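One structure is given here, and the rest of the page talks about it.
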Amino acid sequence: MTHTAIATDNEVVPPGDGYVGTLKSVTDGSGQFGPLYDWEFEVDGPDGPVVVSRQTSMKFSPSAKAREFTSALLGREVVKGEKIDLDDLIGRRASLTIATNEKGWSTITDITSAPVGDKLTDAIPF
């Protein structure tokens, strides 16, 4: 059996803010400095949907990126002592700022709650 590989370009979207992304998955992983979460969002790119991701530590302190992502997806601040199942955030939407990293991939640099009136976000009960 022969295996054929077809080279492609990286899936990227133009850098900018105001992208509305739908959370597709949050998976556990590990990196150079320990365990992490890999957050994958789908955004509309010039040629159709593109998956854009960002890794965060698993820390959940007030200044942690994982907590910032969770608060943006919930549309409110996470409160001390609150337990949140990150899988329950799948399908929620947020406003993303996207940049191109040194490897040529799109990456999320900032996240905020989805815009008011975003019908898919408004349809998800809080």
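Treat the numbers as computed from the prediction; the structure is a model and nothing was measured. These numbers come from the heavy atoms of this one structure, side chains and all, not from hydrogens, waters or symmetry mates.
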**Message:** Determine whether Leu89 and Val26 satisfy the following criterion, side-chain contact (heavy atoms from CB on, under 4.5 Å), listing intermediate values before the conclusion.
**Reply:** CA-CA 9 Å; Leu89 302 175; Val26 181; 5.8 Å; no
**Message:** Other residues, nucleotides and ligands only: do more than 12 of their heavy atoms fall within 6.0 Å of CD on Glu77?
**Reply:** no
**Item:** Ile111 CD1 to Asp17 CG distance, which is reported to the nearest 0.5 Å
**Value:** 13.5 Å
**Contact list for residues 13-32, test ring pair (Phe, Tyr, Trp, His ring centres under 6.0 Å), sequence neighbours left out** = none
**Complete:** Between the CG atom in Leu23 and the CD1 atom in Ile90, the distance rounded to the nearest 0.5 Å is 4.0 Å
**Item:** Atom pair OG (Ser30) and CG (Leu36), whose distance is rounded to the nearest 0.5 Å
**Value:** 6.5 Å
Please tabulate, for the side chains in residues 48-75, all donor-acceptor contacts under 3.5 angstrom to protein atoms that are two or more places apart in sequence or on a different chain.
from, atom 1, to, atom 2, distance (Å)
Arg54, NH1, Ile108, O, 2.9
Thr56, OG1, Trp39, NE1, 2.9
Ser57, OG, Lys59, N, 3.2
Lys65, NZ, Glu68, OE1, 3.1
Arg67, NH1, Phe60, O, 3.1
Arg67, NH2, Val78, O, 3.0
Thr70, OG1, Ala66, O, 2.9
Ser71, OG, Arg67, O, 3.2
Ser71, OG, Val78, N, 3.2

**Message:** For Ser106 versus Ile98, what's the shortest heavy-atom pair and its separation?
**Reply:** CB-CG2, 3.8 Å
**Request:** Could you walk me through whether Asp28 and Tyr37 pass the side-chain contact (heavy atoms from CB on, under 4.5 Å) test, one step at a time?
**Result:** CA-CA 5 Å; Asp28 296 352; Tyr37 293 125; 3.5 Å; yes
**Request:** Output the distance between atom CH2 (Trp105) and atom OG1 (Thr100), rounded to the nearest 0.5 Å.
**Result:** 11.5 Å
**Fill in**
Here the pair of heavy atoms bringing Ala99 nearest to Pro15 is CA-CB, 4.1 Å
**Complete:** So NZ of Lys24 and CD of Glu42: to nearest 0.5 Å the spacing works out to 4.5 Å
